[in-house]
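Residues take their numbers from the sequence shown, with the count starting at 1. Note that the structure is a prediction, hence the values are computed from the model and not measured.
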Amino acid sequence: IFKNQPIPLKGALKNMSNSLDHNLNPDIEKIKPSFTTALKKLDRALKRLKFVKSTGMIEGGEEDRYLAVYDATRIACEAILSIYGYRVKKSGERYHHKIINTASQLMADKLKNEFIRIQQMRKKRNGLEYDDFGSVSKQELDQAFLDATTLAEEVRKLITENGPNKSLL
């Protein structure tokens with residue numbers, strides 16, 4: 001039904017989306033909002049979190065689980081962009097940074113502290129992934145998992161409260 005019609009955003013969502021239009025940079029594209037895409041991305045994020053939770057009692061491997069949590073967080077941020085009708089162009093530097101920043105802007109004051117920690121998580125992930133330095137403590141992993149779960153729940157609420165196919169959830 002919504003493949004042929006634009007998806008109207010309700011109240012505050014519409015206002016948040018319009019406020020970003022004034023701050024667009026060339027790396028962020030306006031696209032048709034898609035709750036279907038957002039739901040698929042949320043599902044991918046939740047699968048990663050489920051994996052991390054299922055391996056939580058295993059000694060060692062915190063870095064790998066942290067990377068999976070980070071990936072779930074980034075994908076959940078992409079879902080937020082899909083809901084509002086944005087995407088970050090894949091060509092260019094700082095792709096993940098732009099996704100997280102744009103999602104944070106779209107969410108306004110919601111999850112402000114979580115988004116600060118998510119950016120810190122991104123920096124830590126870059127160190128682990130590209131520079132091969134650092135380690136992840138259980139406390140860092142637990143906080144990252146909590147932030148990712150909170151973000152995923154917020155995405156679920158956005159879809160549930162605003163999506164045209166609420167029966168999918």
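- Comment: Arg74 engages Asp71 in a salt bridge, judged by a side-chain N to carboxylate O separation of less than 4.0 angstrom.
- Scanning both residues, Leu81 and Ile99, for their nearest heavy atoms gives CD1-O, 3.8 Å.
- A distance of 11.5 Å separates CG of Leu146 from CG of Leu151, quoted to the nearest 0.5 Å.
- Put simply, the side chain of Leu46 reaches to within 4.5 Å of the side chain of Arg156, judged on heavy atoms.
- The two residues Ala79 and Leu42 make their nearest non-hydrogen contact at CB-N, 4.4 Å.
- Nearest heavy atom pair, residue Val155 against residue Ala76, reads CG2-O, 3.6 Å.
- Ile83 and Ile75 are not part of a single hydrophobic cluster, where members link through side-chain heavy atoms under 4.5 Å apart.
- Note that the CD1 atom of Ile100 and the CD atom of Glu78 stand 9.5 Å from one another [nearest 0.5 Å].
- With 3.5 Å as the limit, one finds a donor-acceptor pair spanning the side chains of Gln143 and Asp147.
- No side-chain heavy atom of Ile80 sits less than 4.5 Å from a side-chain heavy atom of Thr102.
- Using a 4.5 Å cut-off between side-chain heavy atoms of Ile, Leu, Val, Met, Phe, Trp and Tyr, with links allowed through other members, Tyr70 and Phe51 fall into the same hydrophobic cluster.
- Within the cation-pi definition used here (under 6.0 Å to the ring centroid, within 45° of the axis), Lys53 does not qualify as a partner of Phe145.
- Ser82 is not listed as a side-chain neighbour of Phe35, based on a closest heavy-atom distance of 4.5 Å or more.
- Put simply, CG on Leu67 and CD on Glu62 are 12.0 Å apart, with the number rounded to the nearest 0.5 Å.
- With hydrogens and angles left out, the side-chain atoms of Arg117 and Gln120 include no donor and acceptor closer than 3.5 Å.
- The CD atom of Glu114 sits 11.0 Å away from the OG1 atom of Thr149 when rounded to the nearest 0.5 Å.
- Across all non-hydrogen atoms, the minimal contact from Glu140 to Val136 is OE1-CA, 3.4 Å.
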Item to check | Full working for salt bridge (Lys or Arg N to Asp or Glu O under 4.0 Å) between Lys157 and Glu153 | outcome: CA-CA 6 Å; Lys157 284 181 196 174; Glu153 186 55 38; 5.4 Å; no
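- The closest side-chain heavy-atom distance from Leu158 to Met107 is below 4.5 Å.
- A 4.5 Å side-chain heavy-atom check between Tyr95 and Lys89 finds every atom pair outside the cut-off.
- The side-chain heavy atoms of Arg125 and His96, taken from C-beta on, include a pair separated by under 4.5 Å.
- Remark: side-chain polar atoms of Lys112 are not paired, donor with acceptor, to backbone N or O of Ser104 under 3.5 angstrom.
- Of the inter-residue distances, the one linking Arg122 atom CZ with Phe115 atom CZ reads 13.0 Å to the nearest 0.5 angstrom.
- For the pair Glu63 and Ser135, the tightest heavy-atom approach, listed with the atom from each and the gap, is OE2-CA, 3.2 Å.
- With a 4.5 Å cut-off on side-chain heavy atoms, Lys124 and Tyr66 count as touching.
- Summarising the geometry of Val52 relative to Arg65, their closest heavy-atom pair is CG2-O, 3.6 Å, with the distance given to 0.1 Å.
- Here the side chains of Glu154 and Thr150 are not in contact, with every heavy-atom distance at 4.5 Å or above.
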